[in-house]
Amino acid sequence: MKINELFKKKKVVYSFEIFPPKVNDGIDKILNTLDSIRDLRPDYVSITYSAGGSKNSRTKEIAQIVKNNYGIEPLAHLTCVNSTREEVERAIDGLVDIGVENVLALRGDRIEGEIKSDFSHASDLVEFIKSRSDINVAGACYPEGHPESANIVEDIRNLKIKVNKGVTHLNSQLFFDNDDYLKYIDMLRLAGIDVPVQAGVMPLVKASQFGGIVKMTGAKIPSKISRMYSKFADDPDALAEAGIAYATDQIVDLLSSGVDGIHLYIMNNAYVAKRITDNIRPILDKLNG
Ligand code: FAD
């Protein structure tokens, strides 16, 4: 099913993001994760692509398993900046061949000295995909502005170019301050970007996330989270509980504010996905009638 149809049917779309195992690693771990998250009834699962620039991504393999073995709709990520037109063409055709109907079109992070000129921006990839398939295309957006943009207005102008090329919904970068996110959505609507936007929520359940992914994205850390980290960084169980509570509270507030969807960055952690989904399931079901 094309994910744009989901947004027509549901008040709130609820999805998870997972990452594929490394090329030489076994597949059991991700299968265990999928076994557990199937019961949580996500509307779809997105699978990252070659994060860090490696082209040896198992996104396609995992997308096929998600679709055929688990009956969950996959959203396959695809990056373009370090790839040639031919490589991207092969990747798209490969996804179409196995019946994948949804792609998250991304530029990818620039690797110094490796830039190939076929695609400069994700909008180029969106245009390319739309010119050769009827696959449904989603895109990424940045509630605090993309780190390379001079300011949020410039970033939103560029986002509009991408959406106008054929993006049917946006998944947001992770953020921790809902007020900033809601203001951002208002700005998108004022700019005439009308596609549904899913709020990207990452539960902070491990101390390593603070220096790793959170630092990488440059997300603003509210004082509530700083206090949580200072107090519990050396106690993994307490930090995990605090992180689950924060993410639950954040999602409840987003749902109360009428967001189009929640995209949970679960980092392949089925336990965290279950705890949060159990907390919010009654609210999701109420909203979706
Ligand atoms: P773009 O939309 O191209 O934007 C990047 C920058 O270029 C922005 O500053 C934008 O304002 C500017 N820009 C865009 N279009 C134009 C234009 N026409 N003219 C001038 N400037 C322009 N990375 C991975 O490697 N693998 C993944 O699986 C992955 N998944 C992600 C999922 C989500 C939901 C998000 C938010 C990010 C993900 N990323 C992933 C990271 C992403 O690849 C990086 O953030 C990358 O730096 C930008 O990608 P983009 O698609 O947003 O780029």
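Atoms within a ligand are numbered from 1 in the order they appear, just like the ligands themselves. Note: hydrogens, waters and symmetry copies are ignored here, and every other heavy atom, side chains too, is used.
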For the pair S15 and Q198, evaluate side chain to side chain donor-acceptor pair (under 3.5 Å) and give the outcome as yes or no after the intermediate values.
CA-CA 9 Å; S15 56; Q198 275 183 263; 2.8 Å; yes
If you measure every N or O of E154 against every N or O of ligand 1, does any of those distances drop under 3.5 Å?
no
Taking H121's backbone N and O only, do any of them form a donor-acceptor pair with D124's side chain (distance below 3.5 Å, no angle check)?
yes
Does an N or O from R107, backbone or side chain, lie closer than 3.5 Å to an N or O of ligand 1?
yes
Taking distance alone, with N or O pairs closer than 3.5 Å, would you say D109 contacts ligand 1?
yes
Quick one: look at H146 and ligand 1, take heavy-atom pairs under 4.0 Å, and tell me if it's side chain, backbone, both or neither.
side chain
Should you measure from each heavy atom of N171, which atoms of ligand 1 turn up under 4.0 Å away?
34 (C)
Is it the case that ligand 1 has an N or O less than 3.5 angstrom from some N or O of Y49?
yes
Where on S120 is there a heavy atom closer than 4.0 Å to ligand 1, on the side chain, on the backbone, on both, or on neither?
neither
Which one holds for K162 and ligand 1: side chain close, backbone close, both close, or neither close, with close meaning a heavy atom under 4.0 Å?
side chain
N/O of A140 under 3.5 Å from N/O of ligand 1, yes or no?
no
Give a yes or no on whether a salt bridge exists between K183 and D177, defined as a side-chain N under 4.0 angstrom from a carboxylate O.
no
For the residue pair Y181 and Y184, categorise the inter-ring angle as parallel (less than 30°), tilted (30 to 60°) or perpendicular (more than 60°).
tilted
Take N136 and T168 through the side chain to side chain donor-acceptor pair (under 3.5 Å) test and state the conclusion after the steps.
CA-CA 7 Å; N136 178 56; T168 61; 2.7 Å; yes
Under 3.5 Å: donor-acceptor pair, side chain of S149, backbone of G145
no
Do E144 and K220 sit within salt-bridge range, that is, some charged N less than 4.0 Å from a carboxylate O?
no
If you measure from each heavy atom of G108 to ligand 1, is any distance below 4.0 Å?
yes
Is the contact between H77 and ligand 1 made by the side chain, the backbone, both, or neither, using heavy atoms and a 4.0 Å cut-off?
side chain
Does the N or O separation between D155 and ligand 1 drop below 3.5 Å for any pair?
yes
Suppose I only count heavy atoms of S149 and a 4.0 Å limit; which atoms of ligand 1 are within that range?
8 (C), 9 (O), 10 (C), 11 (O)
Check: residues 202-212 side-chain donor-acceptor pairs under 3.5 Å, at least two apart:
{"residue": "Q209", "atom": "OE1", "partner": "V205", "partner atom": "N", "Å": "2.7"}
{"residue": "Q209", "atom": "OE1", "partner": "K206", "partner atom": "N", "Å": "2.8"}
{"residue": "Q209", "atom": "NE2", "partner": "P203", "partner atom": "O", "Å": "3.1"}

Do V259 and V163 belong together in a cluster built from hydrophobic side chains that touch within less than 4.5 Å?
yes
Ligand-residue contact atoms, ligand 1 with S50, heavy atoms, under 4.0 Å
25 (O)
Do the ring centers of Y265 and H263 come within less than 6.0 Å of each other?
yes
Taking non-hydrogen atoms only, is T48 closer than 4.0 angstrom to ligand 1 via side chain, backbone, both or neither?
both
Does the side chain of H77 come under 3.5 Å of the side chain of S46 through a donor N or O and an acceptor N or O?
yes
Below 4.0 Å from any atom of ligand 1, is there a heavy atom belonging to L104?
yes
So if I count the atoms of ligand 1 from 1 in the order they appear, which ones are less than 4.0 Å from some heavy atom of A122?
1 (P), 2 (O), 3 (O), 51 (O), 53 (O)
So is Y142 touching ligand 1 or not, going by heavy atoms under 4.0 Å?
yes
Side-chain donor-acceptor contact under 3.5 Å, D35 with Y70:
yes
Enumerated ligand 1 atoms positioned under 4.0 Å from heavy atoms of T79
24 (C), 25 (O), 26 (N)
Which of the ligand 1 atoms, numbered from 1, are nearer than 4.0 Å to a heavy atom of L106:
27 (C), 28 (O), 29 (C), 30 (N), 31 (C), 38 (C), 40 (C), 51 (O)
4.0 Å heavy-atom contact, Y265 with ligand 1
yes
If you measure from the Lys or Arg side-chain nitrogens to the Asp or Glu carboxylate oxygens, is any gap between R132 and D93 under 4.0 Å?
yes
